Amino acid sequence: MPLSSISITRLFALLPIFLMGCTMDIALSEKEKHPVLLPVDIQFQALSSAPQNTFREVDETALQDGDLLFSSTIGLTSLGIRLFSASSVSHVAIYIGNGQVAEAVGDGVQIVSLEAVLAHSDKLFALRMPNLTSNQAEQIRHFAQQKAGSRYNYQGIIEMMPFMVTKQLCSLNPFSKDFRQQCVQGLAAAQLSTPTSNESSYFCSQFVLAAFEHAGHPLTLASSGWVSPGDLLHMREGDVATLAPNQALAYIGHIKPGIYLRSRALVRNNPQETPPTLQANRDTL
């Protein structure tokens, strides 16, 4: 059914956002049969680590083995990754229990304390793969211990940087999730290497996906070398995924909110003290 004149006007107004590469879904509502009432339903990718009113602060006791820990720092490398991936995160790791975190960083795959991760992060929050069994969590821990000391995949991350930009072309068609998935996978196959099960080096999100695949509970059917931390973030519940998850990730909470989210929480509790600039940008980080 053709879109109403109101629908077309709104789409042209949103064209600059399309060109910036914001992934979105546009679905005709039931009321589209009566376009005067409601033309379209539009959902954008949520760039914030805690969109709208979802933010909650938790501590280590809220974590379970196998939780995904997303973070960012105020350094230039983190900022560059966030800009290329249009995301609020630049790193992802796995909580493996007993206050330990497994991650792939510039020094390679390592197991460090949660305290060390907190100390090096501007913000840190957790997402959880639903229905992860204790046996699968143990397999993830075993994989991390087995891979500790593996090299960082510098070649893979260098290949990933231009792909983060070109895959946004697939977002220009907001009407078909299937088309976007096929488009991203086609570009990835053309631009990126396909990892094997015997990889000896990993970048952060590649390591996380490989660990879950080893445990028999893959996060997505997409190749682990094609997925950035931002792609994993958008696999959460209520978001618009760039690469389809096998199951949407559940938000657990922020262990370290960061300066912006902590300020936003204070503003919500004291709305009369809201600074104008913070009020205008409250959902952008």
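This structure is a prediction, so every number in the text was calculated from the model and none was measured.
- Nearest heavy atoms, Y152 versus C204: CE1-N, 4.1 Å.
- Using modelled atom types and a 3.5 Å distance limit, the side chains of S200 and R151 yield a donor-acceptor pair.
- Between M235 and Q247, every side-chain heavy-atom pair lies at or beyond the 4.5 Å cut-off.
- For the residue pair M160 and S228, the shortest heavy atom distance occurs at CE-N, 4.1 Å.
- Rounding to the nearest 0.5 angstrom, the gap separating the CD atom in Q64 from the OG atom in S134 is 10.5 Å.
- Using a 4.5 Å heavy-atom cutoff, the side chains of D65 and R141 are in contact.
- Here CD of E60 is found 6.0 Å from CD of E115. Values are rounded to the nearest 0.5 Å.
- Judged by distance alone, with hydrogens and angles left aside, the side-chain atoms of T133 form a donor-acceptor pair with the main-chain N or O of Q136 at under 3.5 Å.
- Within a 6.0 Å radius of CD in E213, no more than 12 heavy atoms belonging to other residues, nucleotides or ligands are found.
- Of the inter-residue distances, the one linking L124 atom CG with I255 atom CD1 reads 4.5 Å to the nearest 0.5 angstrom.
- Neither V105 nor I157 shares a network with the other; the hydrophobic side chains, linked directly or stepwise wherever heavy atoms of I, L, V, M, F, W or Y lie under 4.5 Å apart, form separate groups for each.
- By the rule that hydrophobic residues join a cluster once side-chain heavy atoms approach within less than 4.5 Å of another member, L233 and I252 end up as members of separate clusters.
- At least one donor-acceptor pair closer than 3.5 Å links the side chain of H120 to the backbone N or O of A116.
- In terms of modelled atom types and a separation under 3.5 Å, the side chain of Y95 and the main chain of A126 share no donor-acceptor contact.
- Residues W226 and Q206 form no side-chain contact, since every pair of their non-hydrogen atoms from C-beta on lies 4.5 Å or further apart.
- Within the model, atoms CD1 of I96 and CD1 of I140 stand 10.0 Å from one another, a figure rounded to the nearest 0.5 Å.
- Looking only at atom types and distance, the side chain of K256 has no donor-acceptor partner in the side chain of S121 under 3.5 Å away.
- Considering CZ of F203 and CD1 of I158, their distance stands at 11.5 Å, rounded to 0.5 Å.
- Heavy-atom minimum distance, L249 versus L232: CD1-O, 3.6 Å.
- Other residues, nucleotides and ligands contribute only 12 or fewer heavy atoms inside 6.0 Å of the CD atom of Q155.
- Residues L221 and L209 do not share a hydrophobic cluster, clusters being chains of Ile/Leu/Val/Met/Phe/Trp/Tyr side chains in contact below 4.5 Å.
- Both F143 and F212 belong to a single network of hydrophobic side chains, linked directly or stepwise wherever heavy atoms of I, L, V, M, F, W or Y lie under 4.5 Å apart.
- For the atom pair CD1 (I111) and CD1 (I94), the distance works out to 10.0 Å, reported to the nearest 0.5 Å.
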Check your understanding: Should L219 and L68 be marked as a side-chain contact (heavy atoms from CB on, under 4.5 Å) after you check the CA-CA gap, both sets of side-chain angles, and the distance that decides it?
Key -> CA-CA 11 Å; L219 296 170; L68 279 67; 4.0 Å; yes

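- Remark: side-chain polar atoms of Q181 are paired, donor with acceptor, to backbone N or O of A244 under 3.5 angstrom.
- Q110 and E103 share a side-chain donor-acceptor pair at under 3.5 Å.
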Practice item. Take L69 and L63, measure what side-chain contact (heavy atoms from CB on, under 4.5 Å) needs, and give me the verdict at the end. Key: CA-CA 10 Å; L69 298 178; L63 297 178; 4.1 Å; yes

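- Between S72 and V89, the closest heavy-atom pair is CB-CA, 4.3 Å.
- Counted within 6.0 Å of CG on N98, heavy atoms from surrounding residues, nucleotides or ligands total 12 or fewer; the atom is thus considered open.
- Of all non-hydrogen atoms in A210 and S224, the two that sit nearest each other are N-CB, 4.4 Å.
- A donor-acceptor pair under 3.5 Å is absent between the side-chain atoms of S71 and the main chain of K123, judged by distance alone.
- C170 and L187 make their closest contact through SG-CD1, 3.6 Å (heavy atoms, listed as atom of the first residue, atom of the second, distance).
- Looking at T166 and Q191, their side chains do bring a donor and an acceptor atom within 3.5 Å of each other.
- At distances below 3.5 Å, at least one donor-acceptor pair connects side-chain atoms of R56 with backbone N or O atoms of Y251.
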**Study point:** Verdict with supporting geometry, H142 and H214, side-chain contact (heavy atoms from CB on, under 4.5 Å)
**Key:** CA-CA 10 Å; H142 179 265; H214 172 81; 4.3 Å; yes

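- Checked against the 6.0 Å centroid criterion, the rings of H91 and F70 do not qualify as a close aromatic pair.
- Among N153, V109, V92, the one residue that satisfies the side chain to side chain contact (heavy atoms under 4.5 Å, CB included) test with F207 is V109.
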